[in-house]
Amino acid sequence: DQKSYTYSQLVASASKVSSILSSLNLKSIEEKNKCKNSSSEINVCGGRGYLDGARIGIVAKPSAEFVAGVLGTWLGGGIAVPLALSYPEAELFHVMNDADISMILCTEEHQELMENVATTCGAQFSLIPTVPSFSSKSSMPKVDVEDIETASIPKGEDPALIVYTSGTTGKPKGVVHTHQSILAQVQILTEAWEYSAADQFLHCLPLHHILTMIFVLVVEFMPKFSVRGIWQRWRESYPTDGRKVEDAITVFTGVPTMYTRLLQGYETMDLEQQAHSASAARQLRLMMCGSSALPYPVMLQWESVTGHRLLERYGMTEFVMALSNPLRGVRKGGTVGKPLPGVQVKILSEEGSENDSMGVGELCVKSPSLFKEYWKQPAITKDSFVDGGFFKTGDTVRADEEGYYIILGRTSADIMKVGGYKLSALEIEAVLLEHPVVSECSVLGLPDKDYGEVVCAVIVPEENAKRQRTEGFKPALNLGELQEWAKEKLAPYKIPTRLFTWDSLPRNAMGKVNKKELKEMLVE
Ligand code: ATP
Ligand code: MG
């Protein structure tokens with residue numbers, strides 16, 4: 001929101017939160033921390049202060065209270081676990097139980113719901129005190145933060161956060177980040193994308209997403225993604241009379257489906273509003289995209305409307321960001337760029353040997369921003385690392401001749417084995433999306449007794465303007481027509497042999513399609 005807070009106001013509030021936490025029943029913390037000694041290989045908890053690594057669930061919309069909740073937890077030596085209100089109930093309980101949350105800290109608006117959740121899960125509950133806000137920095141009283149207890153302030157290697165993965169391939173996994181790994185990621189991105197105090201970053205991904213956690217202090221949030229809201233915020237940032245607005249948005253990031261929706265929203269505006277919207281968007285410093293593959297047609301259309309070549313990058317909850325197209329220099333469509341400063345990568349072949357950089361294989365990442373472990377999953381943690389501390393991402397990639405990486409997809413869900421060939425679903429999706437009738441699509445391998453797998457496409461037909469503009473295209477698309485069209489663009493063995501036309505694709509909160517689930521639905 002538009003109110004201002006100073007660092008000292010926040011710290012003072014965090015210190016209040018911390019004293020609330022210090023009144024926690026320590027015995028119950030000991031109980032909850034029993035898991036600490038449950039694994040001989042990896043110490044899953046670890047911490048200091050009176051919270052001694054206890055997990056504190058934080059529920060608030062992106063706000064100063066949210067930040068105070070996290071800082072307060074850290075001051076007491078606890079681990080903050082952001083809980084998303086967008087979680088379906090089952091997922092919320094999964095996280096509550098999996099992380100053994102001792103206490104939920106929440107703001108007033110969610111009190112009723114969260115008190116019930118806490119009671120059901122045997123956790124304690126408390127409200128985060130409101131952080132005083134002021135309309136201008138000059139009207140703020142000075143706060144004394146001298147008397148904060150510093151003995152329990154965590155060290156770099158202490159766990160700071162457990163952030164759950166998006167759950168695209170199964171149940172979300174708790175990824176443990178330390179204070180050090182978070183700081184490293186902030187430093188890496190500040191350098192690569194040249195963040196400064198002058199930036200105003202508009203962010204609309206869910207709060208429990210790792211990138212949000214990294215930027216919680218420097219961004220302006222739009223709690224719910226809204227096409228009209230975003231265009232409007234950009235127009236307000238850059239008025240037509242050329243006036244300079246103090247908190248004008250300078251950086252924006254989104255997932256691919258957001259850009260598709262923003263383009264659809266743009267098409268419905270009148271000409272005058274389109275002109276203002278496009279010129280306002282043009283004045284941002286940087287627009288980025290990630291989380292899943294950015295369809296090339298969307299990238300081109302976005303560039304023609306706003307003049308921005310989207311900066312596509314690649315990340316995971318486990319290390320936040322590892323590969324990125326450059327801020328300055330050539331941003332190559334269909335690639336996620338090169339390793340960020342301080343990040344090392346290697347590609348492992350299926351047999352586990354190291355490929356030369358041109359080969360296809362599993363991407364492995366080493367970075368100071370790497371997570372510490374999967375919460376309570378020592379075996380999975382161990383299996384996820386190879387020699388030299390490289391983390392196996394589970395994503396199949398290759399690099400082009402200039403060293404830009406191309407994501408071929410998740411080894412488990414996007415790499416199909418058809419006859420003797422190994423195919424990338426993402427590569428085929430990218431081609432099908434060029435068809436004027438196809439608005440969204442998901443490609444996957446369905447079991448087949450002759451070929452092992454056959455290529456199956458699920459498409460969502462384009463409903464609006466694009467179809468009307470393209471003369472001679474029938475609204476529906478059958479398999480024969482798609483195959484005929486694809487002949488020119490795909491090798492014969494890559495052309496889908498099964499086609500489903502649906503109204504929408506099942507997507508999670510990050511806009512990703514769970515292919516395992518989709519496959520089960522189709523097989524059934
Ligand atoms: P889970 O691990 O629970 O199945 P998830 O992997 O979707 O969920 P995240 O950590 O949010 O959870 O997502 C990381 C994954 O997103 C990567 O492993 C990769 O497959 C995909 N990804 C991220 N950025 C890109 C991109 N630019 N292009 C293609 N895929 C991407
Ligand atoms: Mg994952």
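None of these values were measured; they are calculated from a predicted model. Read the numbers this way: they start at 1 and go in the same order the structure lists the ligands and their atoms.
Between the side chains of Asn508 and Thr168, at least one donor-acceptor pair of N or O atoms lies under 3.5 Å. In summary, the side chains of Ser369 and Gln185 do present a donor paired with an acceptor at a separation below 3.5 Å, with no hydrogens or angles considered.
Thr411 contributes a side-chain N or O that, together with a main-chain N or O of Gly394, makes up a donor-acceptor pair within less than 3.5 Å.
With Leu284 as the fixed residue, the side-chain contact (heavy atoms from CB on, under 4.5 Å) test singles out one of Thr250, Leu202, Ile249: Ile249.
Near Glu312, meaning under 4.0 Å from any of its heavy atoms, are these atoms of ligand 1: 26 (C), 27 (N), 28 (N). For ligand 1, the atoms lying closer than 4.0 Å to a non-hydrogen atom of Thr165 are 1 (P), 2 (O), 3 (O), 8 (O), 12 (O). In the vicinity of Lys173, heavy-atom distances shorter than 4.0 Å reach the ligand 1 atoms 1 (P), 2 (O). For ligand 1, the atoms closer than 4.0 angstrom to any heavy atom of Val336 are 27 (N). Counting the atoms of ligand 1 from 1 in the order shown, those under 4.0 Å from a heavy atom of Asp395 are 17 (C), 18 (O), 19 (C), 20 (O).
In terms of protein heavy atoms, atom 16 (O) of ligand 1 is closest to Lys512 NZ, 2.9 Å. Among all non-hydrogen protein atoms, the one lying nearest atom 22 (N) of ligand 1 is Ser291 O, 3.2 Å. Counting protein heavy atoms only, atom 29 (C) of ligand 1 is closest to Ala293 N, 3.4 Å. The closest protein non-hydrogen atom to atom 10 (O) of ligand 1 is Thr317 OG1, 2.6 Å. Residue, atom and distance of the protein heavy atom nearest to atom 7 (O) of ligand 1 are Thr168 OG1, 2.4 Å. Of all protein heavy atoms, the one lying nearest to atom 4 (O) of ligand 1 is Thr169 OG1, 2.4 Å. Here the protein heavy atom with the shortest distance to atom 11 (O) of ligand 1 is Ser166 OG, 2.6 Å.
Between Glu427 and Lys494 there is a salt bridge, since at least one side-chain N of the basic residue sits less than 4.0 Å from a carboxylate O of the acidic one.
When all heavy atoms of Lys392 and Asp383 are compared, the closest pair comes out as NZ-O, 3.4 Å.
Other residues, nucleotides and ligands contribute more than 12 heavy atoms inside 6.0 Å of the CZ atom of Phe225. Within a 6.0 Å radius of CZ in Phe93, other residues, nucleotides and ligands contribute more than 12 heavy atoms. With a 6.0 Å radius and a threshold of 12 heavy atoms from other residues, nucleotides or ligands, Lys346 has its NZ atom above the threshold.
Residue-level proximity to ligand 1 for Cys289 is absent, since no heavy atom of it falls below 4.0 angstrom. Residue Ser292 touches ligand 1 through its backbone alone, judged by heavy-atom distances below 4.0 Å.
The distance criterion of under 3.5 Å between nitrogen or oxygen atoms is met by Gly167 with respect to ligand 1. In terms of N/O distances under 3.5 Å, ligand 1 is not approached by Lys171.
Of the candidates Met321, Met316, Arg313, Arg410, Arg410 brings a heavy atom nearest to atom 6 (O) of ligand 1.
By the salt bridge (Lys or Arg N to Asp or Glu O under 4.0 Å) test, Glu440 is found to be paired with Arg261, Arg507, residues two or more places apart in sequence or in another chain being considered.
For the ring-ring contact (aromatic ring centres under 6.0 Å, His included) condition, the pairs that include at least one residue of residues 285-307, sequence neighbours left out, are Trp231-Trp302, Tyr259-Trp302.
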